[in-house]
Amino acid sequence: MSDSAAVHMGTGMAAQVDSETAEQFIAEKHIGERIKRLRLKKSMGLVELGRHTGLSASFLSQLETGRVVPTLRNLARVAMVFSKDLSYFFEPEPQALFRVHRRKERVRLPQTGVDDPTYFFESLGYMVPDRLMDPYCAEFMPVKKPQDLRPHVHPGYEFLYVLQGELEIRHGDQASLMEAGDAVYFDASTPHAYLCSGKSPALALIVTMHQAQVPQPTMQLRPLGTALPGRPVPGAQMRPANSIPPTVSGASR
């Protein structure tokens, strides 16, 4: 077989493979579905997308449902409308985030830095990387003797729901007694602390929501209740949003 004949046969085989696999490849990449998601995310109709791409609404409809195979030229027109690169349509689709945290697999940790912990906590989101919020289950123990509570601060906001028992929450100059079923949402950049007020442990669900941290001078917090009326509690040491535990505090850290 001559070289020219071999080249001709190879070209023919390549063309045949491309023809047979093109639709399967498009189907596997879910290109039509990706186009539709982009369009709906922008609240854009087929007619509007057609005006931007120069393609008819009927063709775009068939494209989204997989009834036609797009050329690279047509796909490039769609990609440019949504400020995407062509590779967006061919890269593996990211898996939707879904993480189950089984009760038996969670780790119960005590308050750190003290000999007699006033609380224990379990992270409910430890398996989620780069999470935007940190959920915890915290158990606050009854206080055996009077003690000064040292507040803590961290960027973002915090939500707390009391599951059982009585829990006092101190936020700045305010103090509120929380009972089972009560909830609170507050700015976590204000010094805050918790204290079990009953004779039995208090159980609470705590969720902290992150926000960008602004660099602040490092200062030592004073115990709550020492601020003068109308004056803020002296500054705080900013804690990273993902530090553990970022929220629950019954004593000095």
Side-chain angles (χ1 to χ4, degrees), residues 99-128 131-211 220-227 229 232-233 236-253:
R99 297 289 188 275
V100 175
H101 297 77
R102 301 293 182 188
R103 182 174 182 176
K104 62 181 180 180
E105 297 172 352
R106 297 200 299 264
V107 179
R108 178 180 167 89
L109 299 173
Q111 176 189 10
T112 58
V114 296
D115 295 329
D116 188 16
T118 59
Y119 67 82
F120 296 83
F121 69 96
E122 298 177 12
S123 172
L124 305 179
Y126 62 91
M127 291 179 60
V128 181
R131 52 189 176 273
L132 301 178
M133 63 179 180
D134 274 306
Y136 294 92
C137 181
E139 183 179 20
F140 299 87
M141 312 308 294
V143 178
K144 299 178 181 179
K145 59 182 179 179
Q147 59 178 288
D148 289 330
L149 296 183
R150 289 193 175 275
H152 66 285
V153 298
H154 54 87
Y157 296 86
E158 189 165 319
F159 172 82
L160 180 145
Y161 180 82
V162 181
L163 298 171
Q164 68 179 41
E166 297 180 345
L167 184 68
E168 180 181 332
I169 177 170
R170 301 183 184 182
H171 185 260
D173 294 331
Q174 300 183 71
S176 299
L177 181 61
M178 311 282 290
E179 299 179 343
D182 292 341
V184 60
Y185 184 111
F186 58 87
D187 182 350
S189 64
T190 297
H192 56 281
Y194 305 116
L195 176 67
C196 179
S197 301
K199 296 182 179 180
S200 59
L203 191 64
L205 175 67
I206 299 176
V207 180
T208 63
M209 287 154 281
H210 305 169
Q211 68 178 18
Q220 182 64 37
L221 287 173
R222 296 179 184 175
L224 283 176
T226 60
V233 175
Q237 182 176 359
M238 300 301 290
R239 301 176 62 89
N242 60 354
S243 61
I244 297 180
T247 56
V248 290
S249 176
S252 173
R253 293 178 186 273

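Residue indices begin at 1 and follow the sequence shown.
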field: Criterion side chain to side chain contact (heavy atoms under 4.5 Å, CB included) on M141 and D116, from CA distance to verdict
entry: CA-CA 10 Å; M141 312 308 294; D116 188 16; over 6 Å; no

field: Derivation of the side chain to side chain contact (heavy atoms under 4.5 Å, CB included) call for L160 and Y194
entry: CA-CA 11 Å; L160 180 145; Y194 305 116; 3.5 Å; yes

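- Taking CD of E139 as the start and CZ of F120 as the end, the distance is 7.5 Å to the nearest 0.5 Å.
- The two residues A202 and C196 come nearest to each other via the heavy atoms N-SG, 3.9 Å.
- At a cut-off of 3.5 Å, with distance as the only test, a side-chain donor of H210 or D134 sits close to an acceptor on the other residue.
- Note: F140 and Y119 have tilted aromatic rings, judged against thresholds of 30 and 60 degrees for the angle between ring planes.
- Within the structure, salt bridge (Lys or Arg N to Asp or Glu O under 4.0 Å) contacts touching residues 119-128 (residues at least two apart or in different chains) are R106-E122.
- The number of heavy atoms from other shown groups lying within 6.0 Å of CG (L132) does not exceed 12.
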message: Quick one, T118 with Q111, criterion side chain to side chain contact (heavy atoms under 4.5 Å, CB included). Give me CA distance, side-chain angles, the key distance, then yes/no.
response: CA-CA 7 Å; T118 59; Q111 176 189 10; 3.0 Å; yes

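- For the pair G125 and R131, the tightest heavy-atom approach, listed with the atom from each and the gap, is O-NH1, 3.2 Å.
- Here the shortest heavy-atom pairing between E168 and A175 reads OE2-CB, 3.7 Å.
- Between E179 and V162, the shortest heavy-atom contact is O-CB, 3.4 Å.
- Taking CD of E158 as the reference point, atom OG1 of T190 lies at 11.0 Å (rounded to 0.5 Å).
- For H154 (side chain) and S189 (main-chain N/O), no donor-acceptor pair under 3.5 Å exists by modelled atom type.
- Note that CD1 of I206 is 12.0 Å distant from OG of S123, once rounded to the nearest 0.5 Å.
- Minimum heavy-atom separation, H192 to A188: CE1-O, 3.3 Å.
- For the pair L203 and C137, the tightest heavy-atom approach, listed with the atom from each and the gap, is CD1-SG, 3.8 Å.
- L167 contributes atom CG, which lies 13.5 Å from atom OH of Y161 (distance to the nearest 0.5 angstrom).
- Using a 4.5 Å heavy-atom cutoff, the side chains of Y136 and L124 are not in contact.
- The local environment of CZ in R103 is sparse, with at most 12 non-hydrogen atoms from other residues, nucleotides or ligands closer than 6.0 Å.
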- prompt: Taking it one step at a time, do S176 and V184 satisfy side chain to side chain contact (heavy atoms under 4.5 Å, CB included)?
  reply: CA-CA 10 Å; S176 299; V184 60; over 6 Å; no

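- With hydrogens and angles ignored, the 3.5 Å screen pairs no side-chain donor or acceptor of H171 with any backbone N or O of I169.
- H152 places no side-chain N or O within donor-acceptor distance of the main-chain N or O of P191, the cut-off being under 3.5 Å.
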